[in-house]
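The next block holds one structure in the form of structure tokens; read it before the comments.
Since this is a predicted model, take the numbers as computed values, not measurements.
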Amino acid sequence: ARSALLLAAQQRMSSSHQTLFRDLEPAGQMQRLDSALIEYYLLLASRDEQQDGENEKADCINKAAAIGVRMLFEDDYVIGEAAVLALKALIEKTQLCTSDELGGEDPSDVRSALFQYRQKVTEMMSLSCAGKDLIARESFASANIGDFSMEAF
């Protein structure tokens, strides 16, 4: 999927009417893809947890956290839902880390700080929709989930 998105981004540079980038620029589409990958790896980790695959679970959480760290540090702007997923992956990662791996920091302190950041992002997302009417909020939420139907209108 990433290579197809990169190909579409390159085609956009050569032609001005790529419908994929009508609402979001290439960086935003890449961020949506990274968000989906984080969600996928976290889902695999929860599945592996049920099947007693500790190594597979840790590997999936590490991949999700690596994508989340890249997104939070390298991207200039972060989509709210993507930030929440990235922080969720980092919170999961702190449950696997020792204080030595976190530069001497206590994992529970790091986890607490990540929870606070996630709460702030969630509050900012809800404030941005607070002034809108119910139909606009529901349409916005449905469109971001990816399960959009015309019934919301």
Just so I know, are the side chains of [X] and [Y] near enough to count as touching, which here means a heavy-atom distance under 4.5 Å?
| X | Y | result |
| --- | --- | --- |
| V78 | V121 | no |
| L44 | E56 | no |
| D75 | R70 | yes |

- [ ] Give the minimum heavy-atom separation between L96 and A58, together with the two atoms involved.
- [x] CD1-CA, 3.8 Å

Open item on the list: Holding to side-chain contact (heavy atoms from CB on, under 4.5 Å), I want the full list of residues that pass it with T122, two or more places apart in sequence or in another chain.
Closed with: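 With neighbours one apart ignored, the set is V84, R118.
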
- [ ] Output all residues satisfying side-chain contact (heavy atoms from CB on, under 4.5 Å) with A64, sequence neighbours left out; order by chain, then residue number.
- [x]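 A64 satisfies side-chain contact (heavy atoms from CB on, under 4.5 Å) with I38, Y41, L42, A89 once adjacent residues are dropped.
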
Task: Straight-line distance of M71 CE to L33 CG, nearest 0.5 Å - done: 9.0 Å

Task: Between CD on residue E92 and SG on residue C60, distance to nearest 0.5 Å - done: 11.5 Å

Hey, quick one: are [X] and [Y] part of the same hydrophobic cluster, counting side-chain heavy atoms closer than 4.5 Å, chains of contacts allowed?
| X | Y | result |
| --- | --- | --- |
| I91 | V69 | yes |
| I67 | L85 | yes |
| F73 | L90 | yes |

Task: Residues that K63 engages under salt bridge (Lys or Arg N to Asp or Glu O under 4.0 Å), provided they are two or more places apart - done: D59

- [ ] Indicate yes or no for a side-chain donor-acceptor contact from E81 to the backbone of S35 under 3.5 Å, with no hydrogens or angles considered.
- [x]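 Looks like no, no N/O pair under 3.5 Å.
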
Could you list the donor-acceptor pairs under 3.5 angstrom formed between side-chain atoms of residues 99-111 and any protein atom two or more places apart in sequence or on another chain?
unit_1 : atom_1 : unit_2 : atom_2 : d
E101   : OE1    : T98    : N      : 2.9
D106   : OD2    : S108   : OG     : 2.6
R111   : NE     : T94    : OG1    : 3.1
R111   : NH2    : T94    : O      : 3.3

